[in-house]
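Note that the coordinates shown come from a computational prediction; the quantities given were computed from them, not determined experimentally.
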Amino acid sequence: LVLDNCEHVLDGVGVLLERLLAGCPRLTVLATSRARLLLPFEQAFPVPGLSLESTGDGRADAVELFLRRAAAGGATVADHDLNRVVALCRGLDGMALAIELAAARLPSLGLDGLESGLADRLLLLTGGTRIDDRHRSLRSALDWSYRLLDEPERTLLRRVSVFAGPFAARSAAEVFAGWGPAEADAVPSILARLADHSLLITTATPGGTRYCDLETIRQYGAALVEDAGETAELHARHLAWILKAARRMLPPVMEGPEGDAWRADFDVISVEARQALPRARYVVDQRDAAYHVSLLLAELSFDRGRPGESQRRYELAAELAPDDASAAVALRLAAGAAEGRQFGNDALRLRAQAAESALRSGDRAGAGVDLARTAELIHRGPGIITTLPPAGEVELLLDRARPLVAGNAAAEGRLLIAEAWDADEWDPATRERVDRALALARSAGDGMGESAALDKLTTIHIAHGEPAEALACAVRRTEMLASVQVTADSALEFFDAFQMGSACAVAAGDLRTAQRLGEGLCDLPFYREEDHLATSRLIVVALLSGAWDEAIRLSEMFQRGWERAGRPIAGNLSPSPYATAAVHGLRGDDAQRERWTDLSATLTTPGRPTETIHFGEFFDALVLLHRGQADEAVLLLDEAPEGFTNHYNGMWRPWYSSAWAEAAVLGELPDAQE
């Protein structure tokens with residue numbers, strides 16, 4: 001029964017039940033949503049929390065209860081605040097008592113106060129005068145249920161509050177092993193009893209049954225842990241369990257049912273670490289374990305396809321590192337993860353910090369490489385840098401790096417690569433630097449250095465109008481990288497090799513190879529959840545191949561991934577939405593064409609206009625020629641392709657030239673034949 005505005009009836013039922021059961025010690029009543037008397041022939045009807053989703057008949061039950069109780073206390077909620085009420089009710093797990101108590105505080109606290117109080121709802125939810133003393137606060141209601149448990153049940157209920165998300169019985173048994181009064185082999189049965197009492201929720205998963213607290217009960221359990229003086233021991237055990245579980249996940253398994261299970265296990269550990277690490281970083285005797293957990297989970301996050309999470313965990317590992325040398329390693333990996341997700345400014349900051357840590361540890365060559373790679377990225381990857389460093393920054397970095405790398409072949413090779421990226425692609429000395437860098441990298445067995453040198457060689461071919469030679473170099477680079485391990489540190493080389501290779505294939509008119517290399521970009525494990533990065537090259541290939549439906553499908557993935565990543569500025573991704581705009585233009589949908597053109601402009605790196613790259617003019621000319629507007633195409637393509645003398649615009653020179661010539665013929669220009 002749902003008895004509206006009849007608290008006195010409910011109170012009477014409660015009193016009656018207490019009197020009836022006063023002489024029956026084997027029977028218990030719990031103040032929860034599903035009580036079991038465990039009588040013969042008893043049938044249990046689970047009662048879920050109040051609904052949170054509105055129906056066609058009106059507001060959700062939870063919202064309706066909140067509004068009615070608030071109105072009874074003299075408070076009203078404006079229509080534009082109803083979404084906040086829904087979020088508040090969801091934060092209270094749809095529990096009727098908690099919602100009623102929160103509504104009673106609305107006149108004094110307002111919605112702002114209630115929202116901020118969710119972090120400590122047991123203190124927040126002290127009820128009004130119409131509620132029985134036993135239920136005047138959520139804490140007293142839970143106390144009443146807690147007292148009805150035996151000691152092992154009480155112990156386990158409060159200790160499982162350490163878990164941030166759903167957990168398996170075996171996980172709880174591992175965390176609490178050897179810590180009475182609940183023995184490890186009794187943990188599964190105790191958890192089952194707590195679930196029967198509705199103090200835990202059970203969920204069936206492919207990996208077995210999982211238990212979890214409602215957030216209200218979790219906060220209650222954490223308060224009891226504090227009262228019992230168990231906090232330090234419990235947190236240390238939880239962190240040690242996370243470390244042990246993370247070690248069991250190496251090496252990662254990505255494919256098939258085992259891969260699904262691996263990802264599910266990782267997600268569980270990741271959720272737990274998000275709660276455990278922020279508190280452990282400030283506890284002296286937990287910092288070492290926290291460092292190893294951060295380092296391991298950073299590696300696993302990268303394998304899972306979450307380079308952003310990987311970067312943050314590597315940064316925390318650097319903060320917790322026992323010495324400067326370890327901090328430098330973690331910072332380099334954090335910089336690599338940032339490069340992998342194409343957050344160039346983060347990469348520049350982190351690699352500079354790595355250089356300073358390396359210098360403090362006495363690693364001069366390592367510091368020199370960090371400085372050289374920082375300088376290299378500024379010229380090599382301006383498309384992933386939101387705010388370009390000031391003029392002269394590269395020269396300062398190279399000047400600092402030169403004395404540090406002397407005598408170390410691999411480090412000298414990286415310096416030569418950085419110098420080559422700072423030089424003119426038409427200067428013969430640039431090619432000489434690249435050849436020397438290649439020789440040093442190969443002699444030192446530095447696959448990443450060899451890849452960076454081949455990338456520069458590719459750009460030289462493109463700048464000189466040699467797309468076939470550039471493609472051959474790019475393909476050789478992807479083949480060479482097959483022997484290099486995919487890690488956060490090598491992420492830049494892998495994503496750049498496939499996207500550069502696909503772009504060179506487009507420039508050479510080899511769309512089959514462009515498709516294959518674009519698919520290689522999709523297959524990179526660290527792009528598993530980065531759809532905007534994985535699909536970027538395939539959208540352009542789909543447009544040029546005439547696979548317009550596929551281009552639209554990929555563009556939808558691109559937009560979702562970009563928004564999920566926080567809508568980052570990344571100029572090197574600009575051609576993809578512009579190609580999508582061209583597809584819509586070719587189909588006559590100018591509204592969508594404008595939307596995607598605007599998105600392309602949003603991605604553009606400030607200070608690096610895309611007009612100098614000329615892909616936009618080509619895509620727009622394609623639409624104009626398709627529509628028979630050759631004269632307008634002639635006006636748009638006003639720069640002769642002979643002026644395209646660097647690798648950025650050299651990539652588009654062949655396609656621009658074709659549109660330029662076609663517009664001249666269709667526009668009947670006098671020099672069209674030439």
Beyond-backbone contact of Tyr291 with Leu295, side-chain heavy atoms, under 4.5 angstrom: yes
Any Leu149 side-chain heavy atom under 4.5 Å of His197 side chain: yes
Reported CG-to-CZ distance for the pair Asp265 and Arg263, which is rounded to 0.5 angstrom: 11.0 Å
Heavy-atom closest pair, residues Pro568 and His532: CG-NE2, 4.4 Å
Shortest non-hydrogen contact between Ala290 and Leu277, atoms and distance: O-CD2, 3.7 Å
Residue pair Ala273 / Pro278: nearest heavy atoms and the distance that separates them: O-CD, 3.8 Å
Atom CD of Gln485: over 12 foreign heavy atoms under 6.0 Å: no
Listed once per pair and sorted, the ring-ring contact (aromatic ring centres under 6.0 Å, His included) pairs that draw on residues 298-323, sequence neighbours left out: Phe302-Phe526
Approximate separation, where rounding is to 0.5 Å, of Leu194 CG and Leu157 CG: 5.5 Å
Within-4.5 Å side-chain heavy-atom neighbours: Leu333 and Leu350: no
Criterion side chain to side chain contact (heavy atoms under 4.5 Å, CB included) on Leu199 and Glu153, from CA distance to verdict: CA-CA 10 Å; Leu199 290 168; Glu153 290 170 339; over 6 Å; no
Spacing of Asp288 atom CG and Leu243 atom CG [to the nearest 0.5 Å]: 9.0 Å
4.5 Å side-chain heavy-atom contact, Arg560 and Met557: yes
Phe343 to Ala565 - nearest heavy-atom pair and separation: CZ-O, 4.1 Å
Nearest heavy-atom neighbours spanning Glu519 and Leu538: N-CD2, 3.8 Å
Pair Asp196 + Arg193: basic N to acidic O under 4.0 Å: no
Ser555 (side chain) donor-acceptor with Ile552 (main chain) under 3.5 angstrom: yes
Under 3.5 Å: donor-acceptor pair, side chain of Ser270, backbone of Phe266: no
Trace of the salt bridge (charged side-chain N to carboxylate O under 4.0 Å, His left out) decision for Arg349 with Asp346: CA-CA 5 Å; Arg349 168 180 59 84; Asp346 281 1; 3.7 Å; yes
Side-chain touch Asp213/Leu200, heavy atoms, less than 4.5 angstrom: yes
Mind listing the side-chain donor-acceptor pairs of residues 158-172 below 3.5 Å, one per line with the distance, residues two or more places apart or on another chain?
unit_1	atom_1	unit_2	atom_2	d
Arg158	NE	Glu230	OE1	3.0
Arg158	NH1	Tyr146	OH	3.0
Arg158	NH2	Glu230	OE2	3.0
Arg159	NH1	Trp179	O	3.1
Arg159	NH1	Gly180	O	3.0
Arg159	NH2	Gly180	O	3.1
Arg159	NH2	Glu230	OE2	3.0
Ser161	OG	Arg158	O	2.6
Ser161	OG	Ala222	N	3.3

Nearest-0.5 Å distance, CG of residue Leu297 to CZ of residue Arg274: 9.5 Å
Any side-chain heavy-atom pair of Ile190 and Thr155 under 4.5 Å: no
Considering all heavy atoms, the nearest Gln311-Ala334 contact: CG-O, 3.7 Å
Salt bridge Arg304-Glu529, side-chain N to carboxylate O under 4.0 Å: yes
Note: Asp112-Arg84 ion pair, threshold 4.0 Å (strictly below): yes
Phe494 and Thr487: CA distance, side-chain angles, deciding distance, side chain to side chain contact (heavy atoms under 4.5 Å, CB included) verdict: CA-CA 9 Å; Phe494 278 93; Thr487 66; over 6 Å; no
SB check Arg312 Glu309 (cutoff 4.0 Å): no
Check against side chain to side chain contact (heavy atoms under 4.5 Å, CB included), Glu299 and Leu250: CA-CA 10 Å; Glu299 179 182 347; Leu250 290 172; 3.7 Å; yes
CA sep, side-chain torsions, deciding dist, call: Asp531, Trp562, side chain to side chain contact (heavy atoms under 4.5 Å, CB included): CA-CA 7 Å; Asp531 288 341; Trp562 178 66; over 6 Å; no
Atom pair OG/CG of Ser326 and Leu320 - distance to nearest 0.5 Å: 11.5 Å
Pairwise distance CZ(Arg210) to OG1(Thr205) - rounded to 0.5 angstrom: 4.0 Å
Side-chain donor-acceptor contact under 3.5 Å, Arg306 with Ser310: no
Donor-acceptor contact present, side-chain Trp262 to main-chain Met254, <3.5 Å: no
